[in-house]
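See structure below.
Quick note: numbers below take in every heavy atom, side chains included, and nothing from hydrogens, waters or symmetry partners. One-based numbering, in listed order, for ligands and for the atoms of each.
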Amino acid sequence: MNIGVIGGGWAGFAAAIELARAGQRVTVYEAGKVLGGRARRLASPQESTGAPALDNGQHLLAGAYGESLRLMELVDPGSSDAAFLRLPLALVYPEGVSIRAPRLPAPLHLAAALLFARGLTLADKLAAIGFMRALKQVNFAPAPDVTVAEALADQPVAVRRYLWEPICVAALNTPVEQASFRVFARVLKDALTGKAANSDFLIPARDLSALFPEPAAAWLQKNGGEVRTRTRIRALQRAGAQWKAQWDGGEAGHDRIVVATAPAHAANLLAPLADCQALAGRLGAIDYQPLLTVYAAYPALPRFPAPLLGWVEPAPMFIFDLQACRPDMQFGMANGIAVVVSAAGPHLEWDDARWVEEIDARMRQAFGPLPKPRLLKRITEKRATFACRPGMFRPSVKTPCAGLFLAGDYLDGPYPATLEGAVRSGVQCAQTLLATS
Ligand SMILES: Cc1cc2nc3c(=O)[nH]c(=O)nc-3n(C[C@H](O)[C@H](O)[C@H](O)COP(=O)(O)OP(=O)(O)OC[C@H]3O[C@@H](n4cnc5c(N)ncnc54)[C@H](O)[C@@H]3O)c2cc1C
């Protein structure tokens with residue numbers, strides 16, 4: 001079959017690779033000039049100035065991202081190790097709390113992390129263990145209509161603030177008052193049960209396009225596929241048994257189409273198709289949460305106690321030590337940092353001057369007197385991820401239009417909007433497409 005995949009993000013490439021592996025001829029269409037979608041290297045102006053390429057937002061993967069690591073390894077052997085700084089779970093707050101998992105077999109690594117956690121009382125630690133036990137009793141599948149805030153109501157304040165809420169907001173990119181407890185429970189299950197390595201933090205040591213989408217594109221081209229960047233598909237049309245994908249100045253026929261875009265873009269493509277209008281309406285109604293990254297640099301910095309440090313006000317905030325994570329990213333004699341704040345909050349209103357003050361205050365708390373940071377770039381991705389609410393609509397990969405399939409982080413599945421959720425949806429899409437053909 002000749003299959004068109006619309007969208008060169010992680011979901012699109014996961015689908016494309018699995019389809020090509022099954023012997024299908026695949027063309028990936030990507031509207032942008034850089035591959036990777038919401039996890040990509042920024043194209044400009046860094047390229048022209050010779051400054052290091054920044055990403056559209058600092059990402060963090062987990063050891064439990066099995067499908068992402070499998071496909072990375074397939075297209076670029078060795079990369080699932082070499083492309084990351086891997087460290088055992090470490091929530092380190094200069095305010096005084098520190099929860100670090102030692103390199104021990106599961107579940108001892110977590111027991112030790114809690115037992116030796118700094119800044120939590122014994123009652124806090126027992127409450128956290130009790131919370132996990134209660135989740136285990138329901139097989140990590142609590143009632144679907146509960147929010148994380150409701151589920152955490154009985155947890156002590158320190159455990160909420162320094163353990164569960166930062167993990168929830170970082171993983172679901174949704175404030176706890178709105179976040180789905182069922183999805184959060186699944187994240188906890190995959191990260192905190194099973195092998196100890198599942199809870200590892202994997203910090204990209206390459207830019208996000210080089211991490212998977214570009215090696216995936218190279219693999220696809222070597223295996224008979226095609227990748228067309230700067231090609232925005234404007235319309236899809238049924239032409240007999242085939243689909244026609246149309247872009248400015250061209251069109252191509254395909255036996256099957258995979259729409260692997262964010263839901264709003266999928267809604268635009270599906271809306272003119274009579275059988276898909278209702279689905280398009282529901283996709284168009286999905287709401288989003290933002291994600292903010294600030295890149296900054298210092299003339300020099302002391303060694304970080306961990307490659308990422310956390311704060312909890314005004315929302316969970318993490319500062320990544322780029323010197324430790326990104327050996328390819330050199331700012332001359334300066335140390336780079338990436339500050340990440342997930343989900344909506346008052347921080348979205350802060351201007352550059354306020355950010356300099358906020359970063360300065362936090363870095364001084366961690367390291368003592370320092371010169372002021374130099375802001376490199378502040379990026380707000382307004383529609384970074386879907387808002388992961390209880391009972392939200394998540395469609396299946398099949399659409400009411402024969403031969404037209406969906407992939408993307410928002411599709412029905414146990415995961416929040418993450419790279420792993422995107423990759424899993426792509427793999428599932430390819431399997432369903434092949435099974436129904
Ligand atoms: C700032 C930020 C930080 C994040 N941090 C993390 C993190 O730490 N860990 C984590 O796991 N996840 C994180 N995420 C979420 C993760 O990046 C996304 O879940 C994932 O990238 C979504 O992939 P996707 O393939 O489903 O969609 P997308 O990445 O949106 O890919 C869709 C692609 O389709 C293209 N497209 C759209 N319309 C058309 C068209 N008509 N024709 C052709 N192409 C089209 C787009 O240009 C895009 O490249 C973060 C997201 C953001 C924005």
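- For Phe320 and His59, the ring centers are positioned 6.0 Å apart or more.
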Check ligand 1 for close polar pairs with the protein: N or O on both sides, less than 3.5 Å.
{"residue": "ligand 1", "atom": "8 (O)", "partner": "Leu60", "partner atom": "N", "Å": "2.7"}
{"residue": "ligand 1", "atom": "8 (O)", "partner": "Leu60", "partner atom": "O", "Å": "3.3"}
{"residue": "ligand 1", "atom": "9 (N)", "partner": "Leu60", "partner atom": "O", "Å": "2.9"}
{"residue": "ligand 1", "atom": "11 (O)", "partner": "Tyr65", "partner atom": "OH", "Å": "2.7"}
{"residue": "ligand 1", "atom": "11 (O)", "partner": "Leu419", "partner atom": "N", "Å": "2.9"}
{"residue": "ligand 1", "atom": "14 (N)", "partner": "His59", "partner atom": "NE2", "Å": "3.3"}
{"residue": "ligand 1", "atom": "17 (O)", "partner": "His59", "partner atom": "NE2", "Å": "2.9"}
{"residue": "ligand 1", "atom": "19 (O)", "partner": "Asp409", "partner atom": "OD2", "Å": "2.7"}
{"residue": "ligand 1", "atom": "19 (O)", "partner": "Thr418", "partner atom": "N", "Å": "3.4"}
{"residue": "ligand 1", "atom": "19 (O)", "partner": "Thr418", "partner atom": "O", "Å": "3.4"}
{"residue": "ligand 1", "atom": "25 (O)", "partner": "Trp10", "partner atom": "N", "Å": "3.2"}
{"residue": "ligand 1", "atom": "25 (O)", "partner": "Ala11", "partner atom": "N", "Å": "2.9"}
{"residue": "ligand 1", "atom": "26 (O)", "partner": "Asp409", "partner atom": "N", "Å": "3.0"}
{"residue": "ligand 1", "atom": "27 (O)", "partner": "Arg38", "partner atom": "NH2", "Å": "2.9"}
{"residue": "ligand 1", "atom": "29 (O)", "partner": "Arg38", "partner atom": "N", "Å": "2.8"}
{"residue": "ligand 1", "atom": "30 (O)", "partner": "Arg38", "partner atom": "NE", "Å": "2.7"}
{"residue": "ligand 1", "atom": "30 (O)", "partner": "Arg38", "partner atom": "NH2", "Å": "3.2"}
{"residue": "ligand 1", "atom": "41 (N)", "partner": "Ile233", "partner atom": "O", "Å": "3.0"}
{"residue": "ligand 1", "atom": "42 (N)", "partner": "Ile233", "partner atom": "N", "Å": "3.0"}
{"residue": "ligand 1", "atom": "44 (N)", "partner": "Ala31", "partner atom": "N", "Å": "3.1"}
{"residue": "ligand 1", "atom": "47 (O)", "partner": "Glu30", "partner atom": "OE2", "Å": "2.7"}
{"residue": "ligand 1", "atom": "49 (O)", "partner": "Glu30", "partner atom": "OE1", "Å": "2.6"}
{"residue": "ligand 1", "atom": "49 (O)", "partner": "Glu30", "partner atom": "OE2", "Å": "3.1"}
{"residue": "ligand 1", "atom": "49 (O)", "partner": "Gly37", "partner atom": "N", "Å": "3.4"}

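- Here ring pair (Phe, Tyr, Trp, His ring centres under 6.0 Å) pairs that include residues 189-228, with residues two or more places apart or in two chains, are Trp10-Phe212.
- Taking a cutoff of 4.0 Å between a charged side-chain nitrogen and a carboxylate oxygen, Glu67 and Arg424 do not qualify as a salt bridge.
- With no hydrogens or angles considered, a side-chain donor-acceptor pair links Arg389 and Gln178 at under 3.5 Å.
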Output side-chain donor-acceptor pairs under 3.5 Å for residues 395-408, partner residues at least two apart or in another chain, one line each.
{"residue": "Ser396", "atom": "OG", "partner": "Lys398", "partner atom": "O", "Å": "3.4"}
{"residue": "Thr399", "atom": "OG1", "partner": "Cys401", "partner atom": "N", "Å": "3.1"}
{"residue": "Thr399", "atom": "OG1", "partner": "Cys401", "partner atom": "O", "Å": "3.1"}
{"residue": "Thr399", "atom": "OG1", "partner": "Leu404", "partner atom": "O", "Å": "2.7"}

Taking distance alone, no hydrogens or angles, what donor-acceptor pairs closer than 3.5 Å link side-chain atoms of residues 309-318 to residues at least two apart or in another chain?
{"residue": "Trp311", "atom": "NE1", "partner": "Gln365", "partner atom": "OE1", "Å": "2.7"}
{"residue": "Glu313", "atom": "OE2", "partner": "Arg161", "partner atom": "NH1", "Å": "3.1"}

